[in-house]
Amino acid sequence: MQAQTDPTPIPIEDEYLFGWNPTPGIVSVWAHRDGRALIWRRVEGRIVRSAERYRPWLLATSLQDVSYLGDALQPYNEHAGHKVILRYRELEGPTASYNYLLFARDSRLLERTILEGAGLRLRRPVSSINELGDAYYRVGTVEQYLMSTGKVYFRGLTYQDLHRLQFDLETTALDPHRGRIFLVAIRDNRGFERVLEASTPEEEAQLIYDLCALIRERDPDVIENHNLFGFDLPFLEHRAVVHRVPLEIGREGGPMVLESYAETLAVGPEARKRNRFSVAGRELIDTLDAVRRHDFVVRDIPGYGLKEVARYFGLASPKRVYIEGGDIFETYQKNPELVRRYALDDVKEVDGLSQRLLGAPFALASMAPRRYERLTSAGPAMGILEPILVRSYLRRGAAPPYRAAQQSAEDGLHEGGAVHLFASGIAEQVVKADVASLYPSLMRTFRIGPSCDRLGIFLNILGRLTDLRLEHKEMARRTRRHAVESNHHAATQAAMKILINAAYGYMGAGSMALFADGKAAGEVTRRGRAILNSILDALRQRGMALIEADTDGVYFAVPKGWSASQELDLVNAIASELPAGIRLEYEGRYRAMLSHEVKNYALLTYDNRLLVHGVALRSSRAEPFGERFLRKALHCVMVGDVVGVRNLYLEAISDLRNRRLPASDLATRVKLSKAPDTYLAARNNHQEPAYEALLHAGRNHWHVGERVRFYRTRKGYVWLPDETEEATIVTDWREQADGKVAPQKKTALVTYQDVADRRDYDVEHYIQVLRNSYAARLSKAFSKESFEQLFRTEQQPSLFDVDPPIESIEPLWIRHNA
DNA sequence: GAAGGGCGGGG
DNA sequence: GTGTACGCCCTTC
């Protein structure tokens with residue numbers, strides 16, 4: 001599919017969701033505050049730029065702050081002389097809504113005029129529209145342009161049509177004050193690949209210049225990297241300032257230089273700023289944002305680092321070069337070719353990640369009136385759904401509801417979904433069933449939408465999304481996997497799912513959201529609880545052992561020996577008793593489950609994979625030996641092998657006592673948050689192991705953010721320098737087919753240092769850690785007495801007169817009530 | 001327990 | 001300022 005020269009009109013019923021202007025191929029928009037807009041379109045593979053004008057606007061609840069203008073304020077359609085400063089259009093709606101659309105030729109002029117009037121009215125200077133609370137509603141300039149024209153990004157394009165470039169900096173340090181760029185890897189999805197290098201500090205300026213020239217020459221629509229906003233762009237910007245090289249990476253026709261501005265991420269006196277960057281004509285995409293968005297739903301990604309994520313998604317090539325961060329520059333000096341390969345592997349993985357994760361934001365950009373680059377990180381409710389709703393109201397000439405008007409509705413605020421723990425212990429033959437899109441289904445089935453949505457657009461959009469999503473899901477299934485068309489459908493359905501899931505949260509979002517309705521949200525949860533309760537009752541009546549349930553799903557154990565199809569039949573039978581429009585689905589089956597606490601459990605799949613959910617079962621300390629013990633012990637306990645658990649424990653203790661493990665196996669790693677002087681000032685009151693380890697090693701200098709690995713001896717803490725990275729190797733364990741855990745072999749470029757192999761650790765301390773931090777996570781699997789007996793060392797006396805033989809100990813079973 | 005900090009990613 | 005709202009985890013009172 002390519003951008004067509006002859007645009008297809010948007011069907012009337014889709015105008016709310018997709019906008020109404022059929023202009024195809026928009027890949028970037030840059031709108032100045034003075035009403036100039038630049039639009040870049042990809043037409044038959046080539047870039048076409050056009051300059052347009054738009055009218056800057058904002059929404060107002062009244063004209064009181066601008067009425068002082070007299071004749072200089074005119075209705076939109078009136079002809080008037082050149083003295084007109086502001087124009088307005090009255091929107092139809094009740095008094096408590098944004099009844100006026102104000103326009104000026106420049107949005108700064110527009111805002112200044114309002115501030116002036118507000119100052120007169122309040123008899124004090126007003127310096128920001130924000131001070132006027134909810135009286136005004138503003139969006140960014142590109143949003144103004146898109147909302148008023150009904151255009152969106154990417155009409156008629158597929159993801160493959162985008163020209164995407166990835167670049168990755170390799171630097172001598174993490175901090176641009178302390179280090180410099182020595183290498184940049186660049187590639188794009190048109191087959192281009194290059195490495196730029198600066199082997200001496202003097203060459204860095206030229207390197208930055210060359211990078212910019214290369215980006216202009218390749219002329220991509222999108223620039224991507226992992227942690228682009230958090231690392232590469234700030235670092236690049238800093239180094240560019242040092243060398244006075246302008247970062248000209250924009251697209252011909254607009255401002256060329258990269259802009260950076262602070263984005264406030266939290267409210268309050270200590271609002272944290274993060275730098276955002278923007279450049280005319282290109283969309284800047286940070287794959288880290290996409291990973292966070294993805295994990296928000298799946299909550300299954302162990303870490304967000306590029307290498308970790310690439311492995312998680314199966315994108316990492318077996319030949320991938322791994323080098324620890326701190327070793328990269330050193331390695332470069334010895335073996336530059338290896339670092340070139342490493343950096344190119346990085347950008348390739350970023351491309352893979354983009355293909356895997358950016359399809360949904362791409363599809364969202366063809367619906368919502370916002371820039372593509374904003375849709376990776378924008379909140380789906382306030383950031384995407386609301387702009388779509390506002391655009392629809394403006395299209396109809398209707399006044400969007402006024403936030404303050406909903407305050408009263410918030411009183412009857414909802415309780416939220418319930419979470420229940422029915423049993424802890426070990427269950428076998430576990431089934432997970434859940435209601436597909438429970439809240440959206442309830443909203444649609446029972447027509448529960450925000451009462452302030454007079455035009456019913458919220459439910460209209462929700463219904464349209466639900467129907468279209470099913471169609472795209474079906475099309476994705478029917479087309480050949482990984483084909484362009486199939487990917488398009490899969491991404492579109494994922495995008496729609498994001499919006500569908502945002503609908504309920506948006507309604508309950510409180511006074512921040514224009515279309516919030518706490519009462520309606522409460523009605524949804526009330527009905528949701530009723531549905532869940534009827535499912536739980538049905539399971540109980542059939543004797544199933546309930547384990548845990550949350551808002552829309554339940555884990556339960558079925559009788560031993562049931563087949564998958566028996567389980568499916570049960571779920572279907574219960575599903576058939578639910579109201580029409582509510583679908584209960586058979587989501588999965590597991591060989592066993594350890595239920596620890598609500599939302600904290602371990603699952604064993606039928607192909608022997610161990611899945612651990614929740615922080616209570618994961619260790620924050622992460623000493624390699626403890627992690628290893630816990631994974632193996634979890635596996636044993638879940639198959640009922642109590643003797644195996646005991647043996648693992650004794651083995652681990654014996655390994656410690658006989659000092660069979662290297663210190664690196666017992667070390668833990670923390671990130672420093674205090675600068676040397678801060679720590680030294682507080683040291684007398686409160687000592688912290690990581691800093692003590694450094695001081696002991698004679699290191700009085702460190703930087704905040706440095707990761708320090710250390711272990712404990714009888715005398716104190718010992719620092720394990722980071723140059724040795726065998727910890728990464730030994731923690732990289734993989735389950736084999738027979739359920740055993742084995743170290744994963746991996747090419748490592750690191751050298752072992754003597755210190756990592758030291759054995760002078762405090763054995764008794766680590767035995768305590770093993771018991772209190774790791775074995776303790778199995779406590780829910782046993783009775784108190786059994787637990788005591790299992791995790792007692794030979795030396796410790798029994799608390800009970802007579803111990804039963806270990807062989808006779810059973811886990812606490814959660815079983816079907818026959 | 002609730003409230004208050006700190007952190008993620010990156011070399 | 002092409003403004004604008006993150007969540008989890010650990011520590012502390």
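Worth knowing before you read on, the calculation uses all heavy atoms, side chains too, and leaves out hydrogens, waters and symmetry mates. These numbers come from a predicted model, not from an experiment. Letters A, B, ... are given to chains in the order of the sequence lines, protein chains preceding strands, and every chain is numbered from 1.
C/dG1 atom P lies 13 Å from atom CD of A/Gln144, rounded to whole Å. The interatomic distance linking A/Asp295 (CG) with C/dC9 (P) rounds to 11 Å, in whole Å. The distance between atom CG of A/Leu236 and atom P of B/dG9, rounded to the nearest whole Å, is 23 Å. Atom CZ of A/Phe277 is separated from atom P of C/dG1 by 18 Å (rounded to the nearest Å). Atom C1' of nucleotide B/dG10 and atom CD of A/Glu170 are separated by 10 Å, given to the nearest angstrom. Between the C1' atom of C/dC6 and the OH atom of A/Tyr304 lies a distance of 10 Å, rounded to the nearest Å. Taking atom CD1 on A/Ile328 and atom C1' on B/dG9, their separation rounds to 14 Å, with Å as the unit. The separation between A/Arg374 atom CZ and C/dA5 atom C1' is 12 Å, rounded to whole Å.
Phosphate contact (OP1/OP2 of C/dT4, side-chain N/O of A/Arg276, threshold under 4.0 Å): absent.
Proximity note for A/Arg33 (side chain, C-beta onward) versus B/dG11, C/dG1, B/dG10: the nearest is C/dG1.
Within the 4.0 angstrom heavy-atom criterion, only backbone atoms of the sugar-phosphate kind lie near A/Gly305; the bases stay farther away. At a threshold of 4.0 angstrom between heavy atoms, the contacts of A/Asp168 are confined to the sugar-phosphate backbone, with no base atom among them. In this structure, A/Thr171 reaches the sugar-phosphate backbone alone: every heavy-atom distance under 4.0 Å involves primed, P, OP1 or OP2 atoms, never a base. The residue A/Asp346 sits close only to the backbone: its heavy atoms come under 4.0 Å of sugar-phosphate atoms, none of a base. Within 4.0 Å (heavy atoms only), A/Glu259 reaches at least one base atom of the nucleic acid. A/Leu228 comes within 4.0 angstrom of nothing in the nucleic acid, heavy atoms only. Within the nucleic acid shown, A/Gly325 comes within 4.0 Å of at least one base atom, counting heavy atoms only.
The six-membered or imidazole ring of A/Tyr332 lies near that of A/Phe182, with a centre-to-centre distance under 6.0 Å. Between A/Phe515 and A/Tyr393, the ring center distance clears the sub-6.0 Å criterion.
Of the C1' atoms belonging to C/dC8 and B/dG9, the separation is 15 Å, rounded to the nearest Å. Rounded to the nearest Å, the gap between the P atom of C/dC9 and that of C/dA5 is 22 Å.
Listed by chain and number, the residues in a ring-ring contact (aromatic ring centres under 6.0 Å, His included) with A/Tyr153 amount to none (sequence neighbours excluded). Taking A/Ser354 as the reference, A/Tyr159, A/Arg164, A/Glu224 meet the side chain to side chain donor-acceptor pair (under 3.5 Å) condition, with sequence neighbours excluded.
A salt bridge links A/Arg370 with A/Glu143: the distance from a Lys NZ or Arg NE/NH1/NH2 to an Asp or Glu carboxylate oxygen falls below 4.0 Å.
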